[in-house]
Each structure stands twice: as C-alpha cells, then as structure tokens.
Amino acid sequence: MGWKYKFLFWISSIFWLICFSSGYVPEDNILIDCGSPNNTKVGDRVFQADNSSISQLLSTTEAILAVTNSTSIPSSFDSNLYQTARIFRGVSQYTFPIKKQGRHWIRLYFFPFSFGNFNMSTAKFSVSAQGFTLLEDFQVHSGALMKEFSLNISSNQLMVTFTPSFDSFAFVNALEVISLPDKVIPDHVDFVGPKGDDENLWKQALETLIRVNMGNRTVSPQNDTLWRLWVSDDTFLNDNNDLVNYVSNITSVDYTVTNVTSEIGPPEMYGTMTRLDTEFQPTLKANMTWHFNVDPGFDYLLRFHFCDVQHLRPVTLFNVYVNSWLASTVDLPKETANKLGAPYYMDVVTRISGDRNLNVSVGTFNIGDIVYPEAILNGLEIMKMSNSDESLVLDLERSSKMKAGIIVGIVVGSVVVVLVVVFFFLFLCIRRSLLHSGQGKEDYPFARNEMARGSTDGGAFFSSSKIGYRFSLSVIQEATNNFSEALVIGVGGFGKVYKGALKDETKVAVKRGALQSHQGLVEFRTEIEMLSQFRHRHLVSLIGYCNEQNERIIIYEYMEKGSLKNHLYGSDVPCLSWKQRLEICIGAARGLYYLHTGSAKSIIHRDVKSANILLDENFMAKVADFGLSKTGPEIDQTHVSTAVKGSFGYLDPEYLSTQQLTEKSDVYSFGVVMFEVLCGRPVIDPSLPREKVYLVEWVTKWQERMQLEEVIDPRLEGQIKMDSVQKFVEIADKCLAEYGANRPTMGEVLWHLEYALRLQATDENSNHAGDVPSQMNHVNRLPSIEYSTGSITDMSDVSMSKVFAQMVREDPR
Ligand SMILES: *[C@@H]1O[C@H](CO)[C@@H](O)[C@H](O)[C@H]1NC(C)=O
Ligand SMILES: *[C@@H]1O[C@H](CO)[C@@H](O)[C@H](O)[C@H]1NC(C)=O
Ligand SMILES: *[C@@H]1O[C@H](CO)[C@@H](O)[C@H](O)[C@H]1NC(C)=O
Ligand SMILES: *[C@@H]1O[C@H](CO)[C@@H](O)[C@H](O)[C@H]1NC(C)=O
Ligand SMILES: *[C@@H]1O[C@H](CO)[C@@H](O)[C@H](O)[C@H]1NC(C)=O
Ligand SMILES: *[C@@H]1O[C@H](CO)[C@@H](O)[C@H](O)[C@H]1NC(C)=O
Ligand SMILES: *[C@@H]1O[C@H](CO)[C@@H](O)[C@H](O)[C@H]1NC(C)=O
Ligand SMILES: *[C@@H]1O[C@H](CO)[C@@H](O)[C@H](O)[C@H]1NC(C)=O
Ligand SMILES: *[C@@H]1O[C@H](CO)[C@@H](O)[C@H](O)[C@H]1NC(C)=O
Ligand SMILES: *[C@@H]1O[C@H](CO)[C@@H](O)[C@H](O)[C@H]1NC(C)=O
Ligand SMILES: *[C@@H]1O[C@H](CO)[C@@H](O)[C@H](O)[C@H]1NC(C)=O
C-alpha cells in the first residue's frame, strides 16, 4: 500500500516541479542570435546560431554576418546578444514556422556597432510583419535597444521583413518569436477619453512602449516568467510628493485568490507598490501622477496592476485617471476578496491625439467631504496600437496633413477660390513686370510682352486643392482585375505598371512596387508628396495611392499614347512629325520649368529621360516619375549634395563628379532627350559601330562638321526645315555644356524651342499658304491662352474623365 502512495507522491511532485520550476513554456519559442555562428546563452535561454534550420532567411542581396570587437558593449544580462549582428543591404525576410496560432511577441534587439564599412549608427530601415509596419525609417544612434511587438498570427508562418531605407542598410542583433498565453492580451477593452468606441484588439498589432514597476525597483527579464523588463517608476513619477511612499513585500503575493497568474505579472512586480497616503490630513484630496512621452495619433492600451501587499484599510477606494479622464474608481478589497497579496489588473484604451503627453494618475476618492486616504499602483504597461493603416508608425504624415487641409479648404470654399484667383493675377503681374525689367532677351525675335507671358508658364501655382487620396487595396484589385498580367503596360526595377479602370470608368495607370523593389519607401513617399504638391498640365497627375499590406501602389492618370521613347524608336507606332516632336519638347520643357521655378524652393527631377515623358491622346507631353526628385538648393546655397542617382546615359557629368545637384542637371538630361528626339535612336546603342554607340558624342561630332543631315532621323526627311533643326541643335548643345553654369535655364530652353517651332511653322505656312492665318495665330496665341487660363484649367482639368497613359520605365536604377 505505502509504496503506491509514495509512488503517486513522487509522480505528482515531479509534475509540480516541471510545471512551476520552469514556468511558462511557449509552444513557439524561436530565439535567434543574428549573425552569430554559435548558440548563445542568456540566463536560462539559448539563442540559436543564425545558421540554424528554425528559420529561413531570404534576401535580395547578401546578408552579411557582423562581429564586433568593440569593448563598449553594455554589460547587461543580455550583452552576449550584442556581439554579433546581421546586416541587410537589400530587402530581406525571415520566415518562421508557427505551431500555435494566436498572440505572439516579436522582439528585436539592436545594438549599433561598426563593422568594416558599415556604421550601424547610421543604418536606417523599416521592419514589417504580417502586413503591419512595425518600424519605419528607424535608426538606433547608440546604446542597446529592444523593441517588442505583439501580433495575432493566424497562419502557420510568420514573415518578418527588413527593408533598408533609400541608400542605407538594415541590421538586427537578435530576435525572438514566442507564443503568449491567450489571456495575456485581451480581445476587448473599454475606451477612456473624449471619443472612440470600445476596441476589439484581436486584429491589431501592439508595440510595447514601456513596462513600469511601481515601488522604485526594476525587475529584470530573468525574474519575469515571460522575460519582460519592468523599469523602476521613480523617473516618471512627479517629484516632491511627501505623501508618496514605496512598499515592498514580495513574498506576500498570492496567485490563488484571483484569476491573475504570474504570466500576467511576476511576483517581483506585484510585490512592490507606490502608495499615496493622506491619513494625517484627512480631508486632503491628492494624486500621484506619472508622466510619459508617446507618439500622438495612436490609440494606446494601458494595463494597471494592483496588489495590496501591506494590509490597506478594509475600505480602500481610489480613482485612476488617464490624461485627466477618469478611467475607473477601483474598489480593491472587493476585487481581491479582501485578501493580502491578491493581484488585480485593469485594462483601458485611450487615444492620444494632441501633444505627446500621457499622464497617468492615481488619486484619492471622495464622497463629499469624506476622503478615502489611500491609493496604490503596482505596475503599468503602455502598449501602442496599430492604426487603420496597419502601422505603428505615422507615415505619409504630410499627405494626411494636406488631406486635413483639403477638408478645411472645402469648408472655406468659395471665398478662398476668389482670393486665390485675385492673388494669382496679382502674382502674374508682379512676375511679368519683374521679368520685363529683368533679363534682356534682345536676341530673340519675340515681342517682349510675349516673352514675359511665356515666363509665367503655369504660374507658381500651388494647387493643394486636388491631391490624390488613399485607395483601399480592394478597389485597386478590382480596377486591375486583381493585377491581371494581361493589363501590364510596363515593367521595371520598381515592379509593374498596370492599366486599370476605376468604377466611374476613369482609366488609370497603376504602379505597383514589388515587395523586393529597390524603389524604397522613401521614393514612394517622395513621389506622392511631389505629385500631390505640384499640379500642372505638363506634369502627370496623381490620382491616389495605397499602402495597405506592404503594398506600395501609386495611381496616375492614364496616358493614352505612352512614352515619348516608344514613339521615337523600338516600336512600330507611327513616326512623329518634326512639329509634333517640337511641341512635345516644349510641353516637357514647360513641365520642368514649372518644377524648377513654380514654388519657393525649386524641385529637381533627377531622372529626365524620354521614357519619363508621357503623351496623352492629343500628344501633349507630361513629365512623369518623381521618385528621385529632390528639393533644390536653399536660396543662400548653390547646390544640394547628394548621392548620384539617375539613368545611365542621361547623367550630368558635373553632378557625377561633384555630387552637387542643381537644376542644371535636369537641363543636361533634357539636352540628351532633345538629341534622341532629333535622331530617333537610343542614347546608348551598343549594337552600332563604335563611334555611333553614344548618341551625344556622335551628334556632337557631326554638328562640328556642320553635317547635321547625317544624324537626323531619316523618317523626318523632307518635312524638316534646317533653320529649325539648327536652332534646336544649338539649344541642345548648350544644354550639354560641361559646366552647369554655362547651360541655359529651362526657361531659356523653352523660349528657344518655341522659336524653333516658329521657324518650322513659318516654313510650313509658306508651303501651305492657305493655312497662314490659323498657323500664325496658333503660334502667337500659344502663350497667352495657356498662361492666362492654363493654371485655372489645371485645377478643373483634373476631372479624370479624360485621363490616359502608360508608365513605361524599362531601366531599373
Ligand atoms: C564560436 O565558438 C568558437 C569555438 O567554440 C569560438 O572560437 C568562437 O570565438 C565563437 N564565436 C563567437 C562569435 O562567439
Ligand atoms: C550552425 O553552426 C554550428 C557551429 O558552427 C554548427 O554546430 C551547427 O551544426 C550549424 N547548424 C546548422 C543547422 O547548420
Ligand atoms: C577590430 O579592431 C581592429 C583594431 O582595433 C580593427 O582594425 C578592425 O577593423 C576591427 N574589426 C571589425 C570587424 O570592426
Ligand atoms: C558612426 O556614426 C556615428 C553617427 O554618425 C558617429 O558618431 C560615429 O563616430 C561613427 N562611428 C564610426 C566608427 O565611424
Ligand atoms: C486572434 O485572431 C483570431 C481570428 O483570426 C481570433 O479568433 C482570436 O480571438 C484572436 N486572439 C487573440 C488573443 O486576440
Ligand atoms: C529610488 O531608488 C534609487 C536607487 O535605486 C534611489 O537612489 C532613490 O533614492 C530611490 N527613491 C526614493 C524616493 O526612495
Ligand atoms: C530576482 O528577484 C529577487 C528578489 O527580488 C532577487 O534577489 C534576485 O536577484 C533576482 N534575480 C535576478 C536574476 O535578477
Ligand atoms: C508582508 O507579508 C506578510 C505575509 O506574507 C505579512 O504577514 C506581513 O505583514 C507583510 N509585511 C508588511 C510590512 O506589510
Ligand atoms: C475568473 O474568471 C472567470 C471566467 O474567466 C470569471 O467568471 C470569474 O469571475 C473570475 N474570477 C475572479 C475572481 O476574477
Ligand atoms: C500632463 O502633465 C504635464 C505636466 O504636468 C502637463 O503640462 C500636461 O498638460 C499634461 N497633459 C495632459 C494631457 O493632461
Ligand atoms: C487628480 O487628477 C485628476 C485628473 O487629472 C484631476 O481631475 C483632479 O482634480 C486631481 N486631484 C487633485 C486633488 O489634484
């Protein structure tokens, strides 16, 4: 008999030992010491070497293993993890198998050090998982940092993607993916604050901002069942409050009374508290308040932990406030069955919209003159909740501000329109008179006032009234027949361009950034910001964008006739006449001129080429692709220093050698485009004999010999007036001057081009005498019509009924 009981006793004690000594054992417990060839022990946990089969790493470029020999590694318990890192120069993705669906923590460890040419303090990157943006344009300047996120994973794998920002790289020192007990994150929480509904949490991603242990004591991750760090509250508590004291009685914590377990909070956290006591001033009402800094624009989940470890009074009622909003009045003895050491917690969600302050107070409760003198708090967790963009980072901040601007704009409405029109005409007059008195242009046979009008091309018109807006992915899927391959009209390094039709039958071009795209977030954002700021009849219009689920999609007006490049060579579309070519050049030059001069700060396109000049159904040219655009130099500077970007063959040699960017770099590229237009051949054509390979060299050579006929597109033969061509080549040649200072401005180029068109048109007129009046009229009329009404139509023009096009960009950068 006895041995049986003994045996049972042994079995049960072994069982309890397993259950309690090792604490919670997560079903998914993936720990990786990134970049390390060896397994690494941290406390009782083993982080696997980065070569192990528990995860799969895919990268567009080689992922570098980095080892530090730095001595400045922080001497924390987890310092072993900071000896190595994995560096990603391209988009890279870890894939982890998931056994248990539900909430998981993703913890990312960062400690920047220098390795070879990589100074991780300068690394800038984004991290996403499950369609959620976890970090964006993120940098760790110094010191070790751990970021913790929680996601509800409903599939059997988890992908964590590292995307370096433009011109940068990404790194990570270690990562953890561990499954949580279901109850740790609730799926429903009450809202506190001005507006908002109770929140369903089960879909959202959370980022843990901080865990605070009250009672002026830090709890290290080894003392926490789920390896959480709880920092001491003393730096957050408002100072000099002599009513506040700290209490510690860890052994008294008793998990048997309430449903709370040590997985919600360890005894080290529940066992210490910060206590407010006004007993000696019985009618005094008081608060203790902790201040935190958070990002505005998000909802936050706050968890308050309470546990009486000191025999408080049998009636203890106190108030809990979040940013002056009463979150709850806590009747602690009731919640804990009046038992010493019984833990209790409470969750609330609040919205932080204005400033960065999050103030949390616990204070006395009173009924009339009766003040209950005690209030306590043992622990506090603050978790940021993902927003409707499925992001934990405010992104496209400017666009959304602009959106708000639109709403205001609509309200203020007609008054503003009138003011704008008046202002615009005033502005026109000022510019006119300035230009009139300014640059002498005697050498051009234009009437002065015409030149002056020309100079106001497009006006400095800032139309913020019609910016593109965010589309949901489903709308785009519908418009493109779920990204049907049959609708692809262009492919490039950035991904694909689809032709699509919105519900109202507006035709659109949909540019979809590939996941592995080199066109990073920065370029995506730049393009949207540029396009939404600048509207002009010679710039391609933005209709909207979408950044749901890791997609980077931009929707443009559809340009029926495709790119200028397509019409010059390499396809079987009908050849453009010389006059059409001149008009296209003039249109593109207007677009660029507007970019350079249309606002206080000039915009440099940086990727001017024939593939980026698109044509609408009437062959009107529009400049496209602003992904590389940059704001020009400040007034008091002459250039912007930047890494060289652009397309091979069109790159300004001065920019290439000095890395100093000015508007004149666009002028150079435009000169190259003009030669393409003249010759109807690619800038670089390796299939040709050696002296012909590089277009610019070849044309320059024949021009010096005064034998331009050799290079002119043979299809133009017979319709082209040599005066016009000579003028054209003369301008292009000036654009290609070695030094930017010697190149004309886009405005000058424009005037010369109009002159070349006039020479050609005069010629045509003399050939077809009957057309003279209308032709002449057309040329002379051109500036005044476009400039006096142009900008106003630019606004209304954006009714998308007549939209077009094709985004063709063959060359990946
Ligand atoms: C990995 O282990 C080997 C042998 O145990 C050791 O020589 C080497 O220094 C370790 N590497 C790192 C990065 O700890
Ligand atoms: C990873 O590297 C360690 C040490 O170099 C080695 O012992 C282990 O077998 C490797 N694991 C895999 C999955 O290759
Ligand atoms: C380690 O330190 C030495 C000099 O202290 C340096 O030359 C070397 O580049 C460092 N190694 C790495 C990987 O940073
Ligand atoms: C790395 O970059 C940071 C910030 O730019 C700089 O302070 C630090 O000196 C750099 N470290 C090295 C080793 O170059
Ligand atoms: C996770 O999501 C599923 C639905 O996909 C939901 O049923 C479940 O309650 C969620 N779990 C948590 C812990 O939020
Ligand atoms: C809190 O703890 C720190 C050290 O851990 C100590 O210096 C400080 O005086 C304590 N504050 C109070 C109010 O006891
Ligand atoms: C855990 O907490 C206890 C009591 O607070 C302390 O004595 C011990 O050093 C802690 N252990 C670690 C690893 O921090
Ligand atoms: C600490 O807790 C024990 C019970 O575990 C209790 O008897 C004791 O009074 C408590 N100490 C204080 C100072 O409250
Ligand atoms: C424990 O949880 C159950 C259901 O989850 C609930 O009905 C009960 O009231 C809880 N008990 C306490 C003491 O909180
Ligand atoms: C939070 O407290 C600070 C300092 O007392 C105060 O300036 C701020 O207005 C408070 N914020 C809110 C939202 O109550
Ligand atoms: C305590 O804080 C709340 C919220 O900020 C406030 O309404 C209340 O007046 C404060 N009480 C005292 C006594 O300061």
Side-chain angles (χ1 to χ4, degrees), residues 26-28 66 68-73 85 87 98 100-106 110-124 129-132 139-143 149-156 158 165 167-169 171 178-189 192-195 198-206 226 235-241 263-264 286-298 300-303 319-327 347 349-363 382-383 385-386 390:
E27 245 164 290
D28 291 311
T68 182
N69 51 9
S70 154
T71 49
S72 63
I73 290 187
I87 293 174
I98 296 297
K100 176 181 178 258
Q101 308 193 338
R103 281 274 164 196
H104 285 67
W105 271 333
I106 300 173
F110 302 103
F111 173 69
F113 56 82
S114 277
F115 178 75
N117 291 330
F118 297 96
N119 181 352
M120 296 180 206
S121 306
T122 64
K124 198 171 177 192
Q130 299 272 298
F132 288 97
Q139 271 186 291
V140 193
H141 295 290
S142 64
F149 304 94
S150 129
L151 296 180
N152 184 357
I153 299 170
S154 51
S155 65
N156 57 11
L158 166 69
S165 295
D167 259 1
S168 193
F169 61 95
F171 77 97
I178 53 181
S179 47
L180 293 182
D182 288 333
K183 62 188 170 207
V184 170
I185 306 287
D187 51 15
H188 179 271
V189 174
V192 171
K195 55 172 181 184
D198 295 353
E199 297 269 350
N200 276 317
L201 286 182
W202 55 272
K203 266 206 287 202
Q204 264 139 324
L206 303 175
L226 292 173
T235 52
F236 305 101
L237 187 63
N238 64 344
D239 36 358
N240 63 44
N241 196 337
E263 285 140 27
I264 299 290
N287 286 333
M288 47 185 182
T289 304
W290 293 263
H291 300 288
F292 302 94
N293 270 335
V294 295
D295 295 335
F298 288 90
Y300 288 85
L301 170 64
L302 276 70
R303 172 167 292 177
N319 286 334
V320 176
Y321 305 93
V322 174
N323 266 353
S324 324
W325 300 94
L326 179 64
D347 292 329
V349 169
T350 192
R351 179 162 301 167
I352 307 292
S353 33
D355 58 339
R356 306 178 63 87
N357 281 319
L358 173 60
N359 298 342
V360 170
S361 310
V362 175
I382 303 176
M383 287 166 262
M385 293 164 56
S386 57
E390 311 213 311

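Both backbone and side-chain heavy atoms feed into the values below; hydrogens, waters and symmetry mates do not. All ligand and atom numbering here is 1-based and tracks the order in the structure.
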Participant: Salt-bridge test for D295 and R356: reply yes if a basic N is under 4.0 Å from a carboxylate O, no otherwise.
Facilitator: yes
Participant: We want to know whether N323 and Y321 form a side-chain donor-acceptor pair, criterion being a heavy-atom distance below 3.5 angstrom.
Facilitator: no
Participant: Under a 3.5 Å distance rule, please check whether S168 uses its side chain to pair with a backbone N or O of S165 as donor and acceptor.
Facilitator: no
Participant: With heavy atoms of S324 as the reference, note each atom of ligand 10 found under 4.0 Å away.
Facilitator: 14 (O)
Participant: Hey, does S154 come in under 3.5 Å of ligand 5, counting only N/O atoms on both sides?
Facilitator: no
Participant: Ignoring hydrogens and geometry beyond distance, is a side-chain donor-acceptor pair present between N359 and N357 at under 3.5 Å?
Facilitator: no
Participant: Could you tell me if the side chain of P296 sits less than 4.5 Å from the side chain of D355, heavy atoms only?
Facilitator: no
Participant: Taking 4.0 angstrom as the limit and counting only heavy atoms of R103, give me the atoms of ligand 5 inside it, by number and element.
Facilitator: 13 (C)
Participant: Just checking, any donor-acceptor pair under 3.5 angstrom between side chains of H104 and D28?
Facilitator: yes
Participant: Just by modelled atom types, is the N238 backbone N or O under 3.5 Å from a matching donor or acceptor in the T289 side chain?
Facilitator: no
Participant: Report yes if N359 has an N/O atom closer than 3.5 Å to an N/O atom of ligand 10; otherwise report no.
Facilitator: yes
Participant: Mind checking what residues have non-hydrogen atoms under 4.0 angstrom from ligand 4?
Facilitator: S114, N119, S121, T122
Participant: Hey, is K203 close enough to D187 for a salt bridge, meaning N to O under 4.0 Å?
Facilitator: no
Participant: Which atoms of ligand 10 sit under 4.0 Å from any heavy atom of N323?
Facilitator: 12 (C), 13 (C), 14 (O)
